[in-house]
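Take a look at the structure below.
For the single chain, residues carry numbers from 1 onward in sequence order.
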Amino acid sequence: MSAPTLCPDCISGVRHEGTPTGKFEKLGGVEVYVAIPTGEYAKDKALLFLPDALGVSLNNGKADDFAANGLQTYMIDYFEGDPVPAATLGSATFDLMGWIGKHNEQVTRPLLDAVITELKGRGITEFSATGYCFGGKYVVNLAQDNVIKVGAVAHASLLQMPGDLEKLFAQSKAPLLINSCDNDQQFPAESCAIADKLLGDGKYAPGYKRVHWDGCNHGFAVRGDMNNPTVKAGKEGCFAETVTWIKKYL
């Protein structure tokens, strides 16, 4: 089986503007965007936000949204300041394969692990994770290794199907939420069917749910066009499903 790759939709979409309310810190030697709730929250629980290929700068507003819902959130720059450039939004000319080669699992996973180790040293004992596109694979990986207590993905990329979900089924104790959509080369209808067959109907004991967002494209949950009512409803609904899922199990 050939290795999975990213697609043009992984670097397309609409950039969302906003003023960040969190801050960047170095954790385990890695740049992390930290968004802390303003009210009461569980100090020993954390949400790991694993961004898409466009990295932390284009996603920090979404991390702030999770913090506003009571989840201390850590968005990890596992690209070390080298995301897919924002200027390539809507472009199919960027060398995705070359970029993936620089940010493969052997490079990025140790950075993620270093942040988790640092957070454990600060008293965090329970982790959840939400991942988008590139980050979706790492949610599944962390669940396979039982590093996280619960995970959620939206338009996940780079998964080996069915192998990654078979490994999840065999090893993991973490409930998994999958947000899928109509037009997604990375997680198409065939992958949805595989996930449902392997994990659905109560077969995956920790817990499984897949929510499908009609009329949405890959990237909708973070870069969807808010002028499109269907996409806007999908983005907002995906966020609500993710918050509800994480809070249910964390």
Under 6.0 Å from the [atom1] atom of [X], do we count more than 12 heavy atoms belonging to anything else shown?
X: D95; atom1: CG; answer: yes
X: K120; atom1: NZ; answer: no
X: K247; atom1: NZ; answer: yes
X: E40; atom1: CD; answer: no

No-hydrogen, no-angle side-chain donor-acceptor test under 3.5 Å, D182 and W213
no
With a 3.5 Å distance limit and no angle check, can you tell me whether Q144 reaches the backbone of D164 through a side-chain donor-acceptor pair?
yes
Hey, do the aromatic rings of F49 and Y33 have their centres closer than 6.0 Å?
no
Hey, do the aromatic rings of F134 and W99 have their centres closer than 6.0 Å?
yes
Pick from I124, L142, L27, L111: which one makes a side chain to side chain contact (heavy atoms under 4.5 Å, CB included) with I116?
L142
Can you check whether L198 reaches P162 side chain to side chain, under 4.5 Å on heavy atoms?
yes
Pairs meeting criterion ring pair (Phe, Tyr, Trp, His ring centres under 6.0 Å) with involvement of residues 149-172, two or more places apart
H155-H218, H155-F220
Basic-acidic side-chain contact under 4.0 Å: E25, K23
yes
How long is the span from the OG atom in S191 to the CG atom in L159, to the nearest 0.5 Å?
8.0 Å
Nearest 0.5 Å, what's the CZ-CE distance between F187 and M161?
4.5 Å
Could you give me the CA-CA distance, side-chain angles and deciding distance for N179 and L177, then say whether side chain to side chain contact (heavy atoms under 4.5 Å, CB included) is met?
CA-CA 7 Å; N179 287 285; L177 168 68; 3.6 Å; yes
Measure from NZ or CZ of K43 to the centre of the six-membered ring of Y41, then state whether that distance is under 6.0 Å and the direction lies within 45° of the axis.
yes
